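Structure first, then comments.
For clarity, every value in this text was computed on a predicted model and none was experimentally measured.
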Amino acid sequence: MEEQHQITKQVPDKVLARKGSSKAADIPEEVLELLHQGAIESVNLTEWLAVDHVILLRHVLPEVGLHHLVQPLGLEINQLKQRSTMKIIPLIAEAIRVDLLNRSQQEFTAAMNFLAAHLSDSVRCWATYLIGLNEELSLEEKLIQMKPFAADKHFGVREIGWMAVRESIIRELPAAISLYQSWVTDPDANVRRFAIESTRPRGVWCKHIEQLKLEPELALPLLEGVNSDPAKYVQDSAGNWLNDASKSNPGWVLQVCDDWLRTSDTTETARIVTKAKRTLAKQVQ
């Protein structure tokens, strides 16, 4: 494999300091070009969704010796009925993964490290699915490799990361809950939130976990670990988890909320409980 390097560009301070446009049409051409070159990260969801991964492929894959995948992947992406980012990312990752299986372990590791540390958050999203789609890895190995992405500073990488391991979690739910118990006490709020968000019974843009819709109490060891979490990011996830559960097990959620309010007299717990009961509150109005 060719020696790997990321091309660094001098990015104007005004670009680095931008807040991001609220509409895709308003994204400055200079910003869009840098996003497609993999030279900067997106700063909001609008930019993240505006990235054309076909263009990004042309800039990134040659840097890692995978230039031969650019054309066939571009054709495959363009033939998708729904060219959504959520479908494109795993498609790209699987093509890269399959190609790298024919390389040495050293080459595979070098390519993975390159993608995982890339300046572009979109490229790091590809890397998460290289882990999630790798069925040669055990669930424990997947989560160990995913943890740096769970702590990634970019929201998109963290979200795609938990989606990449969602299927594995569903298949091995008891093991996932056990492995995640150390995550909910991690000093990094992003890691704590990842453990909760990736096990939500319903979640957003993802397959439901039917077992947790029926038996939400299985995940109580995780929820108890964050029932008075200081980070609003984690509080929101815990509240949303319980709100998911309230749609199929309202009595259980009410009991958990009552127990928490009795044993944890904090504003953090109160905030989680309010979010947890929001669907139930609407039903009694």
Side-chain angles (χ1 to χ4, degrees), residues 1-100 110-133 148-149 152-164 205:
M1 185 177 291
E2 300 169 3
E3 182 180 352
Q4 298 170 12
H5 65 281
Q6 291 192 46
I7 300 173
T8 57
K9 296 178 69 69
Q10 189 65 38
V11 179
D13 289 341
K14 67 175 183 178
V15 171
L16 295 175
R18 74 195 187 284
K19 294 183 177 179
S21 304
S22 58
K23 297 180 181 178
D26 294 335
I27 300 174
E29 190 61 37
E30 178 185 23
V31 169
L32 204 55
E33 183 178 349
L34 289 168
L35 286 169
H36 287 149
Q37 291 173 354
I40 58 173
E41 293 186 333
S42 62
V43 296
N44 63 9
L45 183 60
T46 300
E47 286 189 1
W48 189 78
L49 291 171
V51 172
D52 187 326
H53 286 252
V54 174
I55 300 176
L56 186 61
L57 283 169
R58 297 173 193 155
H59 288 277
V60 174
L61 292 192
E63 297 178 34
V64 72
L66 297 172
H67 51 279
H68 56 283
L69 291 180
V70 172
Q71 184 176 4
L73 257 177
L75 289 173
E76 192 171 355
I77 291 169
N78 287 328
Q79 289 172 357
L80 287 173
K81 291 183 179 179
Q82 292 183 318
R83 284 189 59 187
S84 70
T85 304
M86 309 305 297
K87 291 184 179 297
I88 290 171
I89 288 173
L91 187 155
I92 291 172
E94 179 63 5
I96 293 173
R97 188 189 70 82
V98 170
D99 187 271
L100 290 176
M112 180 64 189
N113 290 342
F114 176 87
L115 299 173
H118 204 280
L119 288 169
S120 167
D121 56 279
S122 294
V123 175
R124 299 201 301 280
C125 286
W126 302 347
T128 68
Y129 265 97
L130 279 171
I131 297 168
L133 294 171
F149 296 101
D152 196 283
K153 63 183 182 299
H154 194 277
F155 68 91
V157 178
R158 298 192 300 269
E159 293 301 295
I160 293 298
W162 69 254
M163 291 181 191
W205 295 344

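- The closest side-chain heavy-atom distance from Val43 to Val31 is not below 4.5 Å.
- Atom-to-atom distance recorded for Leu133:CG and Ile96:CD1 is 11.0 Å, nearest 0.5 angstrom.
- The two residues Pro12 and Glu30 come nearest to each other via the heavy atoms CG-OE2, 3.2 Å.
- For Asp13, the CG atom counts as loosely surrounded, since its 6.0 Å shell holds 12 or fewer non-hydrogen atoms of other residues, nucleotides or ligands.
- Between the side chains of His53 and Trp126, a donor-acceptor pair is found at a separation under 3.5 Å.
- With hydrogens and angles disregarded, no donor-acceptor distance shorter than 3.5 Å links the side chain of Arg97 to the backbone of Leu130.
- Between atom CD of residue Glu33 and atom CD of residue Glu29 there is a gap of 7.0 Å, rounded to the nearest 0.5 Å.
- Contact record, Arg124 with His154: NH2-CB, 3.6 Å, taken as the closest heavy-atom pair.
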Query raised in the report: Could you go step by step and tell me if Ile92 and Leu56 meet the side chain to side chain contact (heavy atoms under 4.5 Å, CB included) rule?
Result: CA-CA 11 Å; Ile92 291 172; Leu56 186 61; over 6 Å; no
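- In summary, Asp121 and Arg158 do not engage in a salt bridge, as defined by a charged side-chain N under 4.0 Å from a carboxylate O.
- For the pair Lys23 and Thr46, the tightest heavy-atom approach, listed with the atom from each and the gap, is C-CG2, 3.5 Å.
- In terms of heavy atoms, His59 sits closest to His36 at CD2-O, 3.1 Å.
- Across every non-hydrogen atom of Leu45 and Phe155, the tightest pair is N-CZ, 3.6 Å.
- Using modelled atom types, no side-chain atom of Asp99 and backbone atom of Ala95 make a donor-acceptor pair closer than 3.5 Å.
- Panel note: side chain His118, backbone Cys125; no donor-acceptor pair is recorded below 3.5 Å.
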Requested in this report: Quick one: do Ile40 and Leu35 satisfy side chain to side chain contact (heavy atoms under 4.5 Å, CB included)? Show the steps, please.
Outcome: CA-CA 5 Å; Ile40 58 173; Leu35 286 169; 3.8 Å; yes
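- In plain terms, the two heavy atoms of Leu119 and Glu41 that are nearest each other are O-CG, 3.1 Å.
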Query raised in the report: Which is it for Phe114 and Val60 under the side chain to side chain contact (heavy atoms under 4.5 Å, CB included) test, yes or no, and what are the steps along the way?
Result: CA-CA 10 Å; Phe114 176 87; Val60 174; 4.3 Å; yes
**Report entry** Derivation and outcome, side chain to side chain contact (heavy atoms under 4.5 Å, CB included), residues Leu61 and Leu73
**Finding:** CA-CA 11 Å; Leu61 292 192; Leu73 257 177; 4.2 Å; yes
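- Contact check for Leu66 versus Leu100: side-chain heavy atoms found under the 4.5 Å cut-off.
- The distance from the CD atom of Glu94 to the CD atom of Glu76 is 10.0 Å, given to the nearest 0.5 Å.
- Distance check, rounded to the nearest 0.5 Å: OG of Ser120 to CG of Leu34 gives 11.5 Å.
- Residues Asp52 and Arg83 form a side-chain contact, since some pair of their non-hydrogen atoms from C-beta on lies under 4.5 Å apart.
- One finds the CG atom of Leu80 at 5.5 Å from the CG atom of Leu91 (value rounded to the nearest 0.5 Å).
- No donor-acceptor distance shorter than 3.5 angstrom exists from the side chain of Arg58 to the backbone of Ile55, with no hydrogens or angles considered.
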